[in-house]
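In what follows, a single structure is set out as structure tokens and then discussed.
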Amino acid sequence: MDDILELPNADVSRLQERGQGEGPDDDDSSADEEEGGLDWTKLPLGPSVSRPVIPKRGDKEYEPASGSNLQKYVLEKTRAAMFDALRTERTISNKTISYGIWYPSIARVHVTVARGGHFTSIGHFTSIGHSVPRPTPAPGGSQSGLSLEKVFKRLELLPEEALYLVERGAMFCWKEHDLFAENTQQGSSLEDMEGSPMSVQQAYAEMIGREDLTLERYQVYAYLKRLGLILSRITTLFTPAFNWWKPIRISPLLGINMNYASIFRALRFIPHGHGVPLKVKPPPPSVEESPYAHFFNVYKPNTPYKKTNPPVPDFAISVVSAGTTCMPSLAELTALFDALPEIPPPMPRVRQKPPANSGGGKPQGKIVGKNVQFKTPGAGGKVTTASAPSTSISWFSLWPFRKQTTQQPVIKTPERRPHPMAAIKQGKKIAIIAVVDAGSPSFFRFGQGDFSEWPMAG
Amino acid sequence: MEGCRRVPLLVSNRKAYVWNVDDIAVIRTECRVCGTLLGTLPHLSQQNAFLGVPLVLQPEEAVLLVDKELAVLIDDPAAHSSPELVALERWNSEWKELIQKQISALEAKDARDHSKDRSTSEKAQQKREQREARRAAAIANKIDTDAGPVAVKDPIQAPRPPQTVPAYTIVVPGTSTSFSWYTPAPHTYTTIQAAKDAGIWSYPSDLTERAKCAVFRDLWDKGYYMGGGLKFGGDYLVYPGDPLRYHSHFTATVIESPNKTVMPMEVVAHGRLGTATRKTHLFCTWDEKAGKVSYVSIEWAGFG
């Protein structure tokens, strides 16, 4: 390390680089993070660690200096720590492990023993899920007492689901094998086996590439699963729910007939908005599907999820590979957005103090906030006083200029309208695209907004 | 380096994986190729900062390693042949033996504890049994509610009441090398062309990909380490040493031919981006006729 100080230019740059991780500037630290300054030496090892802590990233240096033994030593140590961590075996107790059988012919894993919380969100019963014909006699190995009903309604996993469980060491997978399919007793030599045993390596080799699962898609799946999100394949797209944008456009009309908004709307004769079909015609429908088609539904960890009746997903995500895919065309993006539901506009923060309130202090601000919450657009201040008389009274008594502020609730109603800039920035629809480059996924967000819905003047 | 055994790269779906940690170490320390780890670390399975095996190589990396005769390509799905009855029987008996060893070791330990303090250990034993029975019941219930009635009544679990089975550890095998029916030798290809002819590999297939391979190889020959550069707006990040310990100096963009136009906007954008990320941007132009790579670096001059 000392050697580097002897280099005239290296010194400054090195200090700059050092400053990157420590500086308060967000951009700098994120740049450092993306470069992967991970310190494997601080990673806790072994299954004995009950509550593992992910270590902070370590420092990096500017460049290797020739003949620096310290640098060599540190590098060796880091590498050794990394390789030790990689050597950890997938160990699991026989009481918590699940078992499954991989059927290459239908690209599904039949779960024979399901244990643990994973199965609350992973897997499907064949009668509900896909209608691939099943081999009728379920290979039961030494147990042949299966009724037909059970055969046709069994828990199955898609390739990515099975691979994820196998990879994290939660499931042992057998591969369908002729010796077990005959449903005959093989004697005790193959007792407790349901097929030929599979390694994680074999699972990678055989499960990826089936059922439209690419490595990129699996990586995004595993990445988000590790973060605790719930993912499922897109089967049915969103059903158009309540349109959050309608009431906002209509509400000014309810009160007054003639205002700027309605006049401007009447004056507008050029077609606008995303309902108008694209001038750019998409290329003739190609044989293969656009790489940007949605692939996974994503649910936040706190979204109540029921496998048999999944709720409306929080996001839909498409996965592309950076190496082979170009930027999405306008037609592709439009197709993506067309399949998505509109999301509600971002509301301004509830706790907003009116400017006149600057001398008032905190308690007032809070009560104002409460009052605001009771209001619904169009209903005005009446609701406020009716539903929460006590807070209103205290609010009035605290207010320094009573006469002026009796009008306040009514005036404040439009304040709950979303801020146009925030709404345009967020957009009405959000498409998330995961791009996998050289094995590491990044997530990009595309928003579709509409300028024409917001009065920009007046 | 040339005398070393060539590292097997396991190819499936036209991606080259490395599963053996020793091989990963060789590739990194001797061949200066990093690849990307993408598997879940078994003991830290809910985070993305540190990932484990397998290591996946960028196609340029794999091509380089094979061209330099440092690695061979193996058709991994084909290498997993279907095992014979004998092999399966042997595997099963070894498996059983391993489990039996664990159980007897556990029993021996129990007996030792037993002789040390009879009364407390008996109580503990009872308590443990109760606890296990409760847990088993809880698991059974959970599965009942979560996964529906089918899974729990599955034939495998039914004949094995959990109370009677002693606890032991199962190791889910990571690599296939322990399987006697895993035969990589007949499915090994020593050149890219041979692998292409066999239909398991296709990179590089066009000018852009050839340019990428050439630039990657040229930078590697100069002693650099390369990583993916999407997040920095380029094709590669160029490191002076192992990315584990050193920052990258350059972001590189590959230009596939000297005739290709570079828009002024790109120059400005890359210059800007390079300043913001404290890197210098490299335009790497591949001249296929001359077989040469030339480099132009962009840096924000900062006059005025």
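Letters A, B, ... are given to chains in the order of the sequence lines, protein chains preceding strands, and every chain is numbered from 1.
- Salt-bridge annotation for D192(A) and K96(B): present, with a side-chain N of the basic residue lying under 4.0 Å from a carboxylate O of the acidic one.
- Residue K306(A) does not touch chain B at all, counting heavy-atom pairs closer than 4.5 Å.
- Atom-to-atom distance recorded for E76(A):CD and D242(B):CG is 9.5 Å, nearest 0.5 angstrom.
- In plain terms, the two heavy atoms of K60(A) and P243(B) that are nearest each other are NZ-O, 2.8 Å.
- Interatomic distance, CD1 of I170(B) versus CE of M171(A), reported as 13.0 Å (0.5 Å rounding).
- With a 4.5 Å cut-off on non-hydrogen atoms, P54(B) touches chain A through its side chain but not through its backbone.
- S199(A) and G174(B) make their closest contact through CB-O, 3.7 Å (heavy atoms, listed as atom of the first residue, atom of the second, distance).
- With a threshold of 4.5 angstrom between heavy atoms, E206(A) approaches chain B through side-chain atoms but not through N, CA, C or O.
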Inset, instruction - Check the pair E61(A), H247(B) against side-chain contact (heavy atoms from CB on, under 4.5 Å), reporting the backbone distance first and the verdict last. - result: CA-CA 6 Å; E61(A) 295 184 47; H247(B) 288 288; over 6 Å; no
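- Under a 4.0 Å N-O distance rule, the pair D22(B)/R87(A) qualifies as a salt bridge.
- Interface check for chain A: of the options P77(B), G229(B), S178(B), S176(B), the most heavy-atom pairs under 4.5 Å are formed by S176(B).
- In this structure, the side chains of K95(A) and E132(B) come closer than 4.5 Å at one or more pairs of heavy atoms.
- With respect to chain A, the highest number of heavy-atom pairs below 4.5 Å among A87(B), G39(B), P59(B) belongs to G39(B).
- Residues W91(B) and M193(A) come closest through the heavy atom pair CE3-CE, 3.6 Å.
- In the displayed structure, Q46(B) atom CD is contacted under 6.0 Å by more than 12 heavy atoms of other residues, nucleotides or ligands.
- The parts of V53(B) that come within reach of chain A are both its backbone and its side chain, each placing non-hydrogen atoms under 4.5 angstrom from that chain.
- Contacts with chain A were tallied for P83(B), G241(B), A79(B), S82(B); P83(B) has the most, counting heavy-atom pairs under 4.5 Å.
- Looking at P441(A), only its backbone comes within 4.5 Å of chain B, counting heavy atoms on both sides.
- Closest of all the heavy-atom pairs between P240(B) and P64(A) is O-CG, 3.6 Å.
- Residues S442(A) and L230(B) share a closest heavy-atom pair of OG-CD2, 3.8 Å.
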Inset, instruction - Begin from the C-alpha positions of F179(B) and Q202(A) and carry the test side-chain contact (heavy atoms from CB on, under 4.5 Å) through to its verdict. - result: CA-CA 11 Å; F179(B) 298 153; Q202(A) 190 176 4; 4.0 Å; yes
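- Counting heavy-atom pairs under 4.5 Å between each of D235(B), L37(B), V56(B), I99(B) and chain A puts L37(B) at the top.
- In this structure, the portion of Q58(B) lying under 4.5 Å from any heavy atom of chain A is its side chain and not its backbone.
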Inset, instruction - Let me see the working for Y204(A) and N13(B) under side-chain contact (heavy atoms from CB on, under 4.5 Å), right down to the final yes or no. - result: CA-CA 10 Å; Y204(A) 258 81; N13(B) 297 298; over 6 Å; no
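- At a 4.5 Å heavy-atom cutoff, the contact between L75(A) and chain B is made by backbone and side-chain atoms alike.
- Contact annotation for T40(B): both backbone and side-chain heavy atoms come within less than 4.5 Å of a heavy atom of chain A.
- V200(A) approaches V172(B) most closely through the heavy-atom pair CG2-CG1, 4.2 Å.
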Inset, instruction - Under the side-chain contact (heavy atoms from CB on, under 4.5 Å) rule, what do V171(B) and F172(A) come out as? Steps first, then yes or no, please. - result: CA-CA 9 Å; V171(B) 178; F172(A) 191 98; over 6 Å; no
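- Using a 4.5 Å cut-off between heavy atoms, Y236(B) does not touch chain A at all.
- A donor-acceptor pair is defined here as one N or O able to donate and one able to accept, closer than 3.5 Å; such a pair exists between the side chain of N94(A) and the backbone of Y168(B).
- Side chains of I24(B) and L86(A) form a contact here, defined as non-hydrogen atoms less than 4.5 Å apart.
- Side-chain atoms of Y182(B) and Q201(A) include a donor-acceptor pair closer than 3.5 Å.
- Using a 4.5 Å cut-off between heavy atoms, R28(B) contacts chain A through both its backbone and its side chain.
- If you run side-chain contact (heavy atoms from CB on, under 4.5 Å) between Y223(A) and each of L51(B), N48(B), L38(B), only N48(B) comes through.
- A heavy-atom distance below 4.5 Å is found between the side chains of S196(A) and L88(B).
- Among R226(A), R90(A), R168(A), the single residue meeting the side-chain hydrogen bond (donor to acceptor under 3.5 Å, both in side chains) criterion with S45(B) is R168(A).
- Atom CG of residue L41(B) and atom CD of residue E167(A) lie 9.5 Å apart, to the nearest 0.5 angstrom.
- By number of non-hydrogen pairs under 4.5 angstrom with chain B, the leading residue of A170(A), C173(A), G209(A), A222(A) is G209(A).
- Only the backbone of M198(A) has a heavy atom closer than 4.5 Å to any heavy atom of chain B.
- Neither the backbone nor the side chain of T208(B) comes within contact range of chain A; no heavy atom of the residue lies under 4.5 Å from a heavy atom of that chain.
- With hydrogens and angles ignored, the 3.5 Å screen pairs no side-chain donor or acceptor of H43(B) with any backbone N or O of E89(A).
- By the 4.5 Å heavy-atom criterion applied to side chains, Q71(A) and R245(B) are not counted as neighbours.
- Residue Y203(B) does not touch chain A at all, counting heavy-atom pairs closer than 4.5 Å.
- Looking only at heavy-atom pairs under 4.5 Å with chain B, the residue among L227(A), V435(A), T214(A), T78(A) that has the most is T78(A).
- Using a 4.0 Å cut-off between charged nitrogen and carboxylate oxygen, E216(A) and K15(B) count as a salt-bridge pair.
- Both the backbone and the side chain of I92(A) have a heavy atom closer than 4.5 Å to some heavy atom of chain B.
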